[in-house]
Amino acid sequence: MADPACAECTVEDQPALPNTAGAVAPRDTSPTKPYDPLDASTFAPPAALPAASVTIEFCDRCRWLHRATWVSTELLLTFPPPALAGVHLVPLNAEDTAGRFRVWLHTAAAGAPVLVWDRKIEDAFPELKVLKQRVRDHIQPGKSLGHSDKPTSSQTSQALVL
């Protein structure tokens, strides 16, 4: 059960966004792009590693550590090294990170981290099937996920005929 002290904050009360390096990144204060907790382009991504890796940011006050570790275990079992070098869990315990559950993918090809999932934007926690497909599409596009894989258009049309 979530901690009642963990509530959404107003944007005006948030002076800066934290990143995983411990430093505080300055917020974009331009009038055309104010911080919006539902706009991924205004998020400050965590620092990247040299190989493909995943960072899971989660609200510690909401007691989401177990969910984050479960997701990390599933990703490492599906994409063992060297496909995925590691999964980093980043517990956050600040007013501006209340309710956060974000999954970031760091790859050398993408340069900047890619936001794979945000609980607030998607309005739900990630279904592992969808999350694995999104990660796979970036790091191993040809990899089959077996029964968790999305069907091709020919498989879908064959299922409709039967």
Side-chain angles (χ1 to χ4, degrees), residues 1-3 5-6 8-9 16-25 35-156 159:
M1 183 169 197
D3 185 355
C6 183
E8 298 294 329
C9 302
L17 292 174
N19 63 24
T20 59
V24 176
Y35 174 74
D36 180 1
L38 297 179
D39 180 5
S41 66
T42 63
F43 297 167
L49 290 179
S53 65
V54 169
T55 299
I56 301 173
E57 296 178 313
F58 64 95
C59 179
D60 188 42
R61 295 183 303 161
C62 293
R63 311 281 190 243
W64 289 339
L65 173 64
H66 294 294
R67 184 180 299 268
T69 57
W70 173 59
V71 170
S72 70
T73 300
E74 288 294 324
L75 288 175
L76 284 171
L77 289 173
T78 304
F79 305 103
L84 194 59
V87 177
H88 308 277
L89 302 180
V90 181
L92 302 169
N93 193 353
E95 289 298 319
D96 61 334
T97 60
R100 180 174 295 179
F101 194 92
R102 291 182 186 159
V103 180
W104 296 89
L105 177 64
H106 307 275
T107 62
V114 176
L115 181 65
V116 180
W117 195 275
D118 182 278
R119 186 193 66 82
K120 292 180 182 179
I121 292 174
E122 304 280 348
D123 200 30
F125 283 100
E127 287 287 333
L128 281 178
K129 173 183 175 180
V130 176
L131 185 63
K132 288 177 182 182
Q133 289 168 354
R134 291 181 185 182
V135 170
R136 182 269 320 268
D137 291 346
H138 286 281
I139 64 173
Q140 289 183 315
K143 179 181 174 72
S144 172
L145 296 176
H147 70 280
S148 293
D149 217 350
K150 53 187 163 192
T152 63
S153 58
S154 64
Q155 290 173 333
T156 304

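When a residue number appears, it is its place in the shown sequence, counting from 1. As the structure is a prediction and not an experimental result, all values here were calculated from the model. Values below: all heavy atoms of this structure, side chains included; hydrogens, waters and symmetry mates excluded.
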**OP:** Specify whether F101 and F58 have parallel, tilted or perpendicular ring planes, treating 30° as the upper limit for parallel and 60° as the lower limit for perpendicular.
**Re:** tilted
Original post:
Who pairs with R134 by salt bridge (charged side-chain N to carboxylate O under 4.0 Å, His left out), at least two apart in sequence or on another chain?
Top reply: E122
Original post:
With sequence neighbours excluded, what pairs up with E127 under the salt bridge (charged side-chain N to carboxylate O under 4.0 Å, His left out) test?
Top reply: none
In Å, rounded to the nearest 0.5 Å, how long is the span from [atom1] of [X] to [atom2] of [Y]?
X	Y	atom1	atom2	result
W70	I56	CH2	CD1	11.0 Å
L89	R67	CG	CZ	13.5 Å
R100	W64	CZ	CH2	11.0 Å
T78	L84	OG1	CG	9.5 Å
L65	C59	CG	SG	11.5 Å
S41	L115	OG	CG	10.5 Å

Original post:
When you check the gap from the basic side-chain N to the acidic O, do R119 and E57 get nearer than 4.0 Å?
Top reply: no
How close do [X] and [Y] get, heavy atom to heavy atom, and via which atoms?
X	Y	answer
I139	A52	CG2-CB, 4.0 Å
K120	A98	NZ-O, 2.8 Å
R136	L145	NH1-CG, 3.8 Å
A83	Q140	CB-NE2, 3.5 Å
K132	F79	O-CZ, 3.5 Å
G86	L76	CA-CD2, 4.4 Å

Original post:
Considering the options L105, V103, V135, which one meets the side-chain contact (heavy atoms from CB on, under 4.5 Å) requirement together with W117?
Top reply: V103
Subject >> side-chain hydrogen bond (donor to acceptor under 3.5 Å, both in side chains), paired with R102, selected from T55, D118, T97 >> reply: D118
Subject >> Note, V90 side chain near W104 side chain (heavy atom, < 4.5 Å) >> reply: no
